[in-house]
Amino acid sequence: MRRIVALSGGVGGARFLRGLVRATDPAGLTVVGNVGDDVEVLGLHVSPDLDSILYALGGVADEERGWGRADETWVAFGEAVRLGGEGWFSLGDRDLGLHLVRTQALARGEPLSAVTARLANAFGIEATLLPATDDRLRTWVDTPAGSFPFQEWFVARRHGDEVDLVRFEGEDAATPAPGVVEAIEHAELIVICPSNPFISIWPILAVGGIREALERRAAPCVAVSPLVGGRAIKGPADRMLQRLAGGTDPGRVATCYRGVIDVLVFDESEADAAPGVELQGARPVAAPTLMHDEVAAAELARTVLTAVD
Ligand code: FO1
């Protein structure tokens, strides 16, 4: 059994993880999920990235929408909105069930990591899923139109504003959730999933104890670029990379992870970008990265698993 730690955001990361559990023994896998985009909606604690991972690994994700559950209905949320509740962030009926359980557990004083473990167990997930931190960590974006909490910018404003800066409220005080540093220290391979570096992976790296554990890692660290041909499959990663890193080529993706990666896997269509990745101190690996189905995701996972053999 190979001990692997994967750092992941929501949609793209979760899709990759479905491939990873096909390509390796999930019992050896620890996933560290982003909590910077957690949000309170209708009094409920929502952890969108942890939930995308739970639903993907539990086999119940809505693949087309990219978030939430398949076969979802919206009766309770529709009624809440009709009665004057906030309606900018949609919660499906099945999804609501999970948020009720999590919110009650947190209100009783249970740490996020403990309730996440119980939820993962309930979904029959073999891999270990840990939030980056049990502490409050929230992503903010500074834009020409003002500063916004992450979900207000992402969902309510449809990530239409350009981003000048990404900040993580609570980063100074946040400590790694139990098990995160130990998993990194005992890992044979560390993987950064094909997630948006700025809003999915940086909040994890913003937890000092995690960043330090990665910097002193014994295991190799392989990141997968979320861009294909300089474009994001979904979401604002390409626009953010252009504005915050000065371009969208794989070399710019590598700059986001300087000091924490040894290898960058990026799409075969950008093979000529290899020297730019090397300049950032990472070994370039060009391979097919489009995950059009679970088989393709597993193939990408195998590329990652063999990139350091
Ligand atoms: N994204 C949207 O664009 N609109 C929504 O109403 C919305 C609701 C939602 C509910 C639960 C959940 O787990 C995710 C949800 N998302 C929604 C997705 C989410 O905002 C983002 O995909 C992630 O935070 C970015 O990683």
Side-chain angles (χ1 to χ4, degrees), residues 6-17 31-58 60-78 80-81 85-103 106 112 115-116 119-120 123 129 131-132 137-141 148-161 163 166 168-169 192-206 226-227 232-241:
L7 313 187
S8 181
V11 187
R15 182 164 289 192
F16 173 78
L17 289 170
V31 178
V32 179
N34 169 40
V35 294
D37 55 3
D38 284 18
V39 63
E40 294 263 320
V41 181
L42 293 164
L44 301 174
H45 182 112
V46 183
S47 293
D49 284 1
L50 295 181
D51 295 345
S52 290
I53 297 166
L54 284 169
Y55 294 157
L57 293 183
V60 297
D62 187 310
E63 301 281 344
E64 212 166 296
R65 199 182 324 112
W67 52 269
R69 293 197 51 166
D71 299 323
E72 188 58 285
T73 52
W74 307 86
V75 179
F77 179 70
V81 174
E86 54 183 322
W88 65 279
F89 197 87
S90 313
L91 298 177
D93 295 322
R94 291 170 196 276
D95 197 30
L96 268 168
L98 183 154
H99 305 313
L100 290 171
V101 169
R102 174 191 287 127
T103 303
L106 294 175
L112 182 61
V115 64
T116 302
L119 292 168
F123 279 107
L129 174 59
L137 183 80
R138 293 290 182 274
T139 300
W140 281 75
V141 292
F148 302 101
F150 177 77
Q151 294 294 357
E152 199 177 315
W153 168 73
F154 195 87
V155 173
R157 300 180 67 86
R158 297 167 198 263
H159 47 76
D161 318 277
V163 176
V166 182
F168 309 105
E169 180 193 343
I192 297 183
C193 294
S195 299
N196 183 316
F198 305 105
I199 54 179
S200 297
I201 304 299
W202 278 15
I204 301 174
L205 303 179
L227 303 188
I233 306 301
K234 204 173 179 205
D238 46 7
R239 278 167 47 224
M240 294 184 77
L241 213 71

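In listed order, ligands and their atoms are each counted from 1. On a predicted model such as this, the values are computed, not experimentally measured, just so you know.
Taking the ring axis of Trp153 as reference, the NZ or CZ atom of Arg157 does not stay both within 45° of it and closer than 6.0 Å to the ring centre.
The shortest contact between atom 3 (O) of ligand 1 and any protein heavy atom is with Val155 CG2, 3.8 Å. The closest protein non-hydrogen atom to atom 5 (C) of ligand 1 is Trp67 CZ2, 3.4 Å. The protein atom (non-hydrogen) at minimum distance from atom 13 (O) of ligand 1 is Pro48 CA, 3.3 Å.
No option in Cys193, Ser195, Pro226 other than Cys193 meets the side-chain contact (heavy atoms from CB on, under 4.5 Å) test with Phe16.
Around atom 10 (C) of ligand 1, the closest heavy atom drawn from Gly13, Gly9, Gly68, Ser90 belongs to Ser90.
Taking any N or O of Asp49, backbone or side chain, at least one lies under 3.5 Å from an N or O belonging to ligand 1. For ligand 1, the polar-atom distance check against Gln151 finds a nitrogen or oxygen pair separated by under 3.5 Å.
The salt bridge (Lys or Arg N to Asp or Glu O under 4.0 Å) search around Asp238 returns Arg231, not counting sequence neighbours.
The salt bridge (Lys or Arg N to Asp or Glu O under 4.0 Å) pairs that include a residue from residues 89-101 number zero, where partners must be two or more places apart or lie in different chains.
Here is the list of ligand 1 atoms found below 4.0 Å of a heavy atom in Phe150: 24 (O). The Asp37 neighbourhood of ligand 1 comprises atoms 23 (C), 24 (O), 25 (C), 26 (O), with distances under 4.0 Å to a heavy atom of that residue. Less than 4.0 angstrom separates some heavy atom of Asp95 from each of these atoms of ligand 1: 10 (C), 11 (C).
Here the side chains of Arg69 and Leu98 are not in contact, with every heavy-atom distance at 4.5 Å or above.
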